[in-house]
Amino acid sequence: MDYAKLLENAYQRSPEPPDWLQPGRPVYVPNRGLGYVVDLLGRRILVAFGNEHCDLGDWQHALQQNQLLPPESAPQQSQLKVGNIGAPTFRALATHVQQQGILRDIQRSSARAATTDPIPSDLPESLKGALEQLGIDALYCHQAQALTAMRAGKDVCLATETSSGKTLAFALPLFEACLRDRDTSVLALWPLKALANDQLAKLHELNQLLPPEERLTVGIITGDTPIEERKPLLARRPHLLGMSPEVLQRALYATGRRDGGEWRDFLRRLRAVVADESHAYLATFGAGMKNLFRRLYRCVDAAGGSSERLQWAFASATIGNPSELAGTLAGRDPQRIQTLTQSGAAQAERTLLTLEATGDPNATAAELIAQCLQHGLTGIAFANNRSAIKRLLRRAQNRVARAGLDPSQIAIFHGSLKAERRRAILQQVATGRVGFVLGTQALELGIDISEFDVALLRGFPGSVMAAKQRIGRVGRSRAGLAIYIPSTHSPLDAYYRRFPEQLIAGNPEPIAIDSDHPATLGKHLLAGAAEAGIPSQQLAHYFGSAASTIAGGLLDQGELRLNQRGYYYAKSYLHKTISLRGNEQTRVAAFDTETGEELETLDAETARRELHPGAIYTTQNTGGGIANYRCRYLDEDAGKAELEPAPSDRSTNPDLTFEIDLQRTLKSASLTGMTLTLGWGRITESVTGYEVLQYRPEKQAPSPLGRVTFDAPYVTEFEAPILRLELDDSCIESCQKVAQSLREQLQREETEIPKAYEVLESASAGRIGLHSLGHQLLLGLPLAVLCNHHDLDFVTESPETSGLSGAFFDTIAGGSGSSEALFAYFGQVAARARELVEACDCEAGCPQCLVLPRCPEQNKALLKQLGGALLATLAPTDNRGAY
Ligand SMILES: [Zn+2]
Ligand SMILES: [Zn+2]
């Protein structure tokens, strides 16, 4: 026994636990459910779940990670019975899926009454009158709080749920400001055109209710507004101007132009900026928006206004870090921002059914749609992309027609529909002509659509944030039912099928943005210099501390110049080349040569990997079935690949080589047994040839048929953020120990060594551990941060020194913020990856916990247990792990 260590523990002062965390008291552990605290042993905590006692490790850490919560946080009655579901129609649907044997879980969140505050008596009379005409006699408390905060000069961030009256919450203080001082203007930004039109209509409505002589000038400019209408609108000196980010981006160029007087007048009067649906500004888009706002500040000051007195009104969906995101976008101290997350709006009861994953989620969804329509229930079904929606539409209409109902009651709704068509559908929903709407995320972005009875989630939408928005489409003013239909292949689908309570009670993911990538910042810096000039003394004030090195580089290249008055200026008009939403990469469309049908479009890099000549490509054909194609040729310049049908037992693997050249180190961190280095560098990916495989039913794995080597490789080269992960000797040793004990265990069992473990003989334990850890972190990433694991790749590197290293890198040039997000939230990602791995029932690794569809090393040298062992040292939050 180590007495010294024991004494050290005893002398260590433990912090006081919160009141609710005491022995004998109930606690809620999100992945385990309700339990009782058995004891607190210094920093450790023991919790009993039923008869099972668990050591949850450091309780402080668990509190920080939201893994230990007061019992009130538990979703109500997490093991509800079908018979307890109140509404008979909902009960009938639940009974139906139960009889099919696919009902996995029932969750319920209870109804909540509205909390309101009186309308402040000192609001302008005309505005009070308008509210009265709208039938509003009180404000929801979050609306009242937003009004108070904005009146006090604070920035506001409203992160309440869908349809909680966010528009009115910021409209009131802004209308008030314009009514009290008519030399005021407000800029409102929406990420989507359709949404901008929709929301501006609401502001128009409020404006029309003011007495004619007091009405404000309200207008909108989007990409669809003809140029000849834009100038007259500015000439009318608008109080409230709605814009799309792209239009603002180009409009800023007018700040420095001789004929830009009306625009400068608008900027001079500018007092507030509304950024609605600001959760859309993540990754590349977020970085672009932040830089756009930096330029806006500079232009406002240059036009004689004041960027310092600008007030922000952010409205976002429920995300993990609303104030941090608002602070980052606005470039302001989060202290200055009042964040409101508690909605005062009423909520009705919501029931969530989670189904088992079945082979054909579309069949399940189509069946449920038919049942809903038969029961007279209205509904909305979400799938994650347009082609999935179209397939579901066909299935559902067939199923509904067979039930003798009118299939045209089902309509499809997505962002690319023409505005008239969208309006027509909304109209038909309102009149009851359409009973079921199928959509993608377009509906999540706040577009007003009447309330539904049932929401179907066909597949997990990629984030808890989006799941909450989809579920939030039902159960507002009357009871609602949401049904989650997971698919079999996705690790995220599997995770939330296992932990469905997180869909209702879990914390949404934080959003990470890195706005200082040289490529992004450099472009915006030049644009800013071209718009209004940047005083050299204030470069860091406007563009952040990273700007000086970049400005230096741009001066060297002659792109940026310094004039005698000490202003940086640029001659070039770059605005057309700036894409706020990320690099518009070359796309390659894959065509079926026989039918001429376009099957899919891919970015050029993926096309080189998966659609090189000879590649076997598996995709879904129009019938919804899986089909194999062989690529005849790839024409990158024309953005086209021709495919022909191929035997279903064949597949190909590209031979890839990677060169990762980390040119600049930005940040680094030391963790238990490993080092992380975040930097910027060059990635060279070569597809040198491919291997052809044939699947034979009698064998476990496909067998190689041959190899093809190209005369010249298909090369992709780009610069992006890189995150290097180096393992220390201690980590390599622990991999070796786990490998050794696995070998011993296999020997003891004296059976033939299972295929999955053969890797132990062909690769070093450290390398297998590192590679597996890389995969598992990528699979865990979208559980912790809002992003997609396709945004990052991982390769192990050939070690030059004794250690072992691997590199994560962004898959698009310039990066999407994913490497940075992984660096910033590494601990959380590791914790979620560990849960994912441990919750998986497979023995040695499967697509849900280890195998990645696009592993550059073809998923060789992987073993679940070795990565799991490293995850356990990285995220030792509890000791129930099996490793
Ligand atoms: Zn697994
Ligand atoms: Zn890999």
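The figures here come from the full heavy-atom set of this structure, side chains too, leaving out hydrogens, waters and symmetry mates. Just follow the structure's listing: the first ligand is 1, and inside any ligand the first atom is 1.
- Rounding to the nearest 10°, we obtain 110° for the angle at the Zn ion (ligand 2) between H771 NE2 and C855 SG.
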List the atom pairs, with distances to 0.1 Å, where a side-chain N or O of residues 672-684 and a protein N or O form a donor-acceptor pair under 3.5 Å, not counting sequence neighbours.
from : atom 1 : to   : atom 2 : distance (Å)
W680 : NE1    : E719 : OE1    : 3.0
R682 : NE     : E717 : OE2    : 3.1
R682 : NH1    : E719 : OE2    : 3.2

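- To the nearest 0.5 angstrom, Q858 atom CD is 7.0 Å from E691 atom CD.
- A side-chain N or O of Q740 and one of R743 form a donor-acceptor pair less than 3.5 Å apart.
- With rounding to the nearest 0.5 angstrom, the CZ atom of F382 is 14.0 Å from the CZ atom of R458.
- Here the straight-line distance linking atom CG of L634 with atom CD of E636 works out to 5.0 Å at 0.5 Å rounding.
- For the Zn ion (ligand 1), the nearby protein N/O/S atoms, meaning those under 2.8 Å, are C840 SG, C842 SG, C846 SG, C849 SG.
- Note that OG1 of T688 and NE2 of H612 are 9.5 Å apart. Values are rounded to the nearest 0.5 Å.
- Counting non-hydrogen atoms of other residues, nucleotides and ligands closer than 6.0 Å to CD of Q100 gives a total above 12.
- Of all the N, O or S atoms in H775, the one closest to the Zn ion (ligand 2) is NE2.
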